[in-house]
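Computed from a predicted model, the values in this text were never measured in an experiment. Ligands are counted one by one from 1 in listed order, and the atoms in each one are counted from 1 as well.
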Amino acid sequence: MDMTTNLTLRSGNRMPIMGLGTYGLDDQTADTVEAALKMGWRMFDTSGDYDTQPGIGQGLKQSGLERGRYFITTKVEEDDDAYEAVMNNLKELDLDFVDLVLIHRPPPDGAGEDLWHGLIQAKLDRLTRDIGVSNYNTEQIGQLIEATGEVPAVNQIEWTPFGYSQQMLQFCREHSIIIQAYSPLTRGKRLDSPVLKTIAQRYGKTPAQVLLRWNVQMGTVPLPKANQLQHLEENADIFDFRLNREEMERLNGLNEYYSSWSVLPYIEQLATR
Ligand SMILES: NC(=O)c1ccc[n+]([C@@H]2O[C@H](COP(=O)([O-])OP(=O)(O)OC[C@H]3O[C@@H](n4cnc5c(N)ncnc54)[C@H](OP(=O)(O)O)[C@@H]3O)[C@@H](O)[C@H]2O)c1
């Protein structure tokens, strides 16, 4: 297993087991993406509102890698015309198609059925290979499926040992939906956890590497963001150790539905049951 290892989406298409988050990448985005590709990173997560799409497109070109060797995820906003937004994103990325488009978050009313119809059309027109959602709870995903018969390939949500949901994991497994984990490093806020530090020391690793490894072993797909090359290298270096069952259980036991933002948007309905 390494950075180029893939897992299979419900469509049969393949997706890398870890990707680089790009929210907050600075004006060096193109060079960061090029450097990341050289280190073996193969998936990049962006959105129309991250301002990183032109830099990503440039970095991909600078790398000279063929289109089939990297995986690009982008997103549409809740008040967008989804189809048009996909076209705009492709223009900014300077690509003919992306690998995955997500509804960034559910709109205030309903589950975003209109957005979903737009993404289904974008997929039919081969502007994207797969479609999915972000920040959705299980009920909202159910509504999209009921309205269209189309099951999201992915739900991208905040996901760390400090904040996750067994019920969501179970639901996604039952529907063959892959969970992508955003803010998998707690945006740096929980890296001093004694449990993380103790486990990290056993393997000569860092708390950040333990967090990423926890995700990969759970079958969820972390999207750590890193501007610093040293962080990019460190985050890629998680394939030479394995957390044992006791360590995974200890990490699982840290769950307090924590969010580094405010609340986990998918959790309310589950946590109060
Ligand atoms: N769908 C959504 O609604 C949504 C919401 C939030 C995020 N996301 C996606 O998820 C990605 C990641 O989430 P995030 O950026 O919020 O947070 P994150 O990945 O948890 O944390 C990023 C922070 O951690 C630092 N860092 C990276 N590697 C480190 C290491 N090995 N040791 C110590 N610190 C390290 C980074 O520093 P440097 O940058 O200085 O290297 C940066 O300050 C985003 O970029 C975005 O693509 C999606």
Side-chain angles (χ1 to χ4, degrees), residues 3 16 18-29 31-33 35-36 39 41 43-53 55-56 71-78 80 89 93 98-107 112 115 131-137 140 152-164 178-193 196-197 200 203-216 220-238 258-267:
M3 296 286 289
M18 181 159 77
L20 183 67
T22 71
Y23 174 69
L25 275 192
D26 57 22
D27 54 5
Q28 307 294 314
T29 296
D31 291 340
T32 304
V33 167
M39 286 175 206
W41 291 87
M43 176 158 65
F44 299 88
D45 178 72
T46 186
S47 175
D49 64 351
Y50 286 4
D51 290 333
T52 53
Q53 298 195 123
I56 292 171
F71 188 107
I72 304 296
T73 303
T74 188
K75 310 185 190 83
V76 299
E77 305 308 306
E78 62 269 38
D80 278 340
N89 289 347
L93 286 159
V98 285
D99 298 279
L100 179 64
V101 182
L102 309 178
I103 300 178
H104 205 154
R105 56 188 74 77
L115 291 161
I131 58 177
V133 294
S134 177
N135 297 305
Y136 270 59
N137 64 33
Q140 290 159 334
V154 160
N155 189 18
Q156 184 182 116
I157 44 184
E158 187 173 2
W159 193 264
T160 70
F162 307 101
Y164 70 99
I178 303 285
I179 292 176
Q180 286 187 338
Y182 76 64
S183 308
L185 303 176
T186 67
R187 300 196 291 143
K189 293 181 180 183
R190 289 292 187 95
L191 296 181
D192 59 355
S193 146
L196 288 183
K197 279 187 178 166
Y203 297 100
K205 293 287 173 184
T206 64
Q209 289 171 317
V210 171
L211 284 175
L212 298 176
R213 187 71 208 188
W214 173 83
N215 253 300
V216 168
T220 51
V221 174
L223 304 170
K225 171 259 179 183
N227 261 318
Q228 300 177 50
L229 291 187
Q230 185 199 326
H231 283 159
L232 277 180
E233 271 163 10
E234 184 180 316
N235 297 346
D237 184 20
I238 60 161
Y258 167 80
S259 166
S260 67
W261 294 93
S262 56
V263 289
L264 298 175
Y266 61 88
I267 212 77

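- With hydrogens and angles ignored, the 3.5 Å screen pairs no side-chain donor or acceptor of Asp237 with any backbone N or O of Glu233.
- Looking at Glu77 and Ser47, their side chains do bring a donor and an acceptor atom within 3.5 Å of each other.
- Heavy-atom minimum distance, Asp26 versus Asn227: N-OD1, 3.2 Å.
- Minimum heavy-atom separation, Ala200 to Thr206: CB-C, 3.6 Å.
- Listed by chain and number, residues touching ligand 1 at under 4.0 Å (heavy atoms only) are Gly21, Thr22, Tyr23, Asp45, Tyr50, Lys75, His104, Ser134, Asn135, Gln156, Tyr182, Ser183, Pro184, Leu185, Thr186, Arg187, Leu191, Ala208, Leu223, Pro224, Lys225, Ala226, Asn227, Gln228, His231, Glu234, Asn235, Trp261.
- Put simply, the residue from Thr32, Asp27, Thr46, Thr29 that forms a side chain to side chain donor-acceptor pair (under 3.5 Å) with Thr52 is Thr46.
- The pair Asp45-Lys225 fails the salt-bridge criterion, with no side-chain N (NZ, NE, NH1 or NH2) lying under 4.0 Å from an Asp/Glu carboxylate O.
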